[in-house]
Amino acid sequence: MNNSAYEAYRAWATHEITVPPVVSVVIPAYNEEERIIPTIGAIATYMSSRGEPWELIVADDGSTDTTVSLLQNMRLANMRVLVAARNGGKGSAVRRGVMAARGSVVLFADADQSTPIEQFDRLYRKIVVEGYDIVIASRSATGAVVAGKSRLRKVLSGGLQALVRIGGGLAISDTQCGFKLFTATAAKRLFSLQVIDGFSFDLEVLYLAQKNRMNIAEVPVEWIDAPGSTVNPVTVTLQFLREMFKVRLNSARGRYMQHNHLGAGVGPSPSVSVSVGEH
């Protein structure tokens, strides 16, 4: 770390910002005591070096280890830790973080840093320069670099995305990468409608974005399968299938219309503008 980056980090860590943040970074965390400190360090160092005011929100999901105490003991001036009384699911944690965010744009990033924070500006340019509502990191778009992904996960991932296109009606190559950037307006609207608390909340949020005629871009990124994951690919696949069906059922029953508190009801599925790759 060079001196200027360190100084920027120390200023962010010790002095609360006095202007609204431009960027809010939301990290869901469940029993992440082994890697949460390095993750916070990497994200805080990079984001502080960019020179824009930003905030970090860690949404605990009812951790039973020392994750919360480790975070609280860091005493970072611009980090908030949202503590959950019980485990509610990843979707629940991300929703709490997003709804608490104050930034003009909101980044959801997984705690394992499989997509390094250095990829942020590739997504950010799409919103600031090209005017997209949502920009998602993609492991499937042309130009993506994927390392360490097992053969089983590759097969299951390919199968899931085929199901998303056929059964979910989404023209998106990678719905599940844990690195997504939203304008604040898009984020607040979508997560106020979200009802799925589990693993497949990404699918639901993107389905709702399409329903709400939002412009979505996919950007190829570098992705490294992080060690220490406790996710069972087969179990997650079965859960994904159940929740994909639930999204379509909720939509057919008008449940998203009932949960819409930010404006008119969600209309019929239109053609959606989806950009894949760099321009």
Side-chain angles (χ1 to χ4, degrees), residues 17 20-30 32 36 39-40 43-44 47 52-63 67-68 71 76 78-113 115 117 119-120 123-124 126-128 132-137 172 175-212 214-217 243 247 250 255-256 259-263 266:
I17 58 175
V22 173
V23 182
S24 296
V25 178
V26 174
I27 303 174
Y30 177 67
E32 293 285 357
I36 195 63
T39 292
I40 297 302
I43 290 175
M47 294 302 296
E52 289 183 321
W54 73 287
E55 67 174 354
L56 177 60
I57 300 172
V58 182
D60 166 62
D61 191 23
S63 295
T67 297
V68 171
L71 290 166
L76 298 177
N78 294 290
M79 179 177 74
R80 284 181 284 160
V81 182
L82 309 182
V83 181
R86 60 179 179 82
N87 179 251
K90 185 178 180 181
S92 172
V94 174
R95 179 171 61 247
R96 287 187 294 110
V98 167
M99 299 311 289
R102 299 173 298 156
S104 300
V105 298
V106 182
L107 175 72
F108 144 57
D110 278 344
D112 63 9
Q113 277 281 280
T115 304
I117 190 62
Q119 303 291 296
F120 170 79
L123 279 63
Y124 188 58
K126 287 283 188 181
I127 285 182
V128 174
Y132 283 92
D133 301 303
I134 305 164
V135 188
I136 60 179
I172 295 171
T175 61
Q176 300 308 117
C177 187
F179 201 81
K180 295 180 173 69
L181 186 64
F182 305 79
T183 64
T185 300
K188 302 291 185 181
R189 178 172 178 79
L190 294 173
F191 282 88
S192 74
L193 295 171
Q194 174 209 355
V195 296
I196 287 181
D197 289 336
F199 169 82
S200 307
F201 78 95
D202 310 67
L203 173 68
E204 181 183 37
V205 165
L206 293 174
Y207 179 84
L208 290 169
Q210 179 169 297
K211 285 280 192 176
N212 276 267
M214 294 180 182
N215 292 326
I216 307 167
E243 292 182 346
V247 169
N250 285 343
R255 184 168 186 185
Y256 298 123
H259 280 73
N260 187 354
H261 305 302
L262 296 181
V266 178

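FYI, the numbering just counts along the sequence from 1. These numbers come from the heavy atoms of this one structure, side chains and all, not from hydrogens, waters or symmetry mates.
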Item to check | Stepwise side chain to side chain contact (heavy atoms under 4.5 Å, CB included) test for Gln113 and Ile43 | outcome: CA-CA 9 Å; Gln113 277 281 280; Ile43 290 175; 3.7 Å; yes
Are the side chain of [X] and the backbone N or O of [Y] linked by a donor-acceptor pair below 3.5 Å?
| X | Y | result |
| --- | --- | --- |
| Thr175 | Leu203 | no |
| Asp61 | Asn87 | no |
| Lys188 | Ala101 | yes |
| Asp197 | Gly91 | no |
| Glu55 | Arg102 | yes |

Within a strict 4.5 Å, meaning less than it, do heavy atoms of the [X] and [Y] side chains meet?
| X | Y | result |
| --- | --- | --- |
| Tyr207 | Ile172 | no |
| Leu181 | Phe120 | yes |
| Val94 | Val205 | no |

Minimal non-hydrogen separation, [X] against [Y], with atom names:
| X | Y | result |
| --- | --- | --- |
| Cys177 | Ala137 | CB-O, 3.3 Å |
| Lys126 | Ala217 | CD-CB, 4.3 Å |
| Ala184 | Gly103 | CB-O, 3.2 Å |
| Ala84 | Arg96 | CB-NH2, 3.4 Å |
| Leu71 | Met79 | O-CE, 3.4 Å |
| Thr39 | Ala111 | OG1-O, 2.7 Å |

Next on the checklist: Please identify which of these residues, Ile117, Val135, Val26, meets the side chain to side chain contact (heavy atoms under 4.5 Å, CB included) condition with Leu107.
Outcome noted: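 Output: one option passes, namely Ile117.
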Checklist outcome for this item: Checking Val68, Ile57, Asp60, Val58 against Leu82 for side chain to side chain contact (heavy atoms under 4.5 Å, CB included), the one that qualifies is Ile57
Enter the distance from [X]:[atom1] to [Y]:[atom2] here, rounded to the nearest 0.5 Å.
| X | Y | atom1 | atom2 | answer |
| --- | --- | --- | --- | --- |
| Thr115 | Lys180 | OG1 | NZ | 9.0 Å |
| Leu76 | Leu56 | CG | CG | 7.5 Å |
| Lys211 | Glu204 | NZ | CD | 12.5 Å |
| Phe201 | Gln176 | CZ | CD | 8.0 Å |
| Leu190 | Ile134 | CG | CD1 | 5.0 Å |
| Arg189 | Leu208 | CZ | CG | 9.0 Å |

Checklist entry - Run the side chain to side chain contact (heavy atoms under 4.5 Å, CB included) check on Val195 and Tyr256 step by step: do they pass? => result CA-CA 8 Å; Val195 296; Tyr256 298 123; 3.9 Å; yes
Checklist entry - Going through the distances and angles, do Asp133 and Asn212 end up as a side chain to side chain contact (heavy atoms under 4.5 Å, CB included)? => result CA-CA 11 Å; Asp133 301 303; Asn212 276 267; over 6 Å; no
Item to check | Aromatic plane relationship, Phe191 with Phe182 - under 30° parallel, 30 to 60° tilted, over 60° perpendicular | outcome: perpendicular
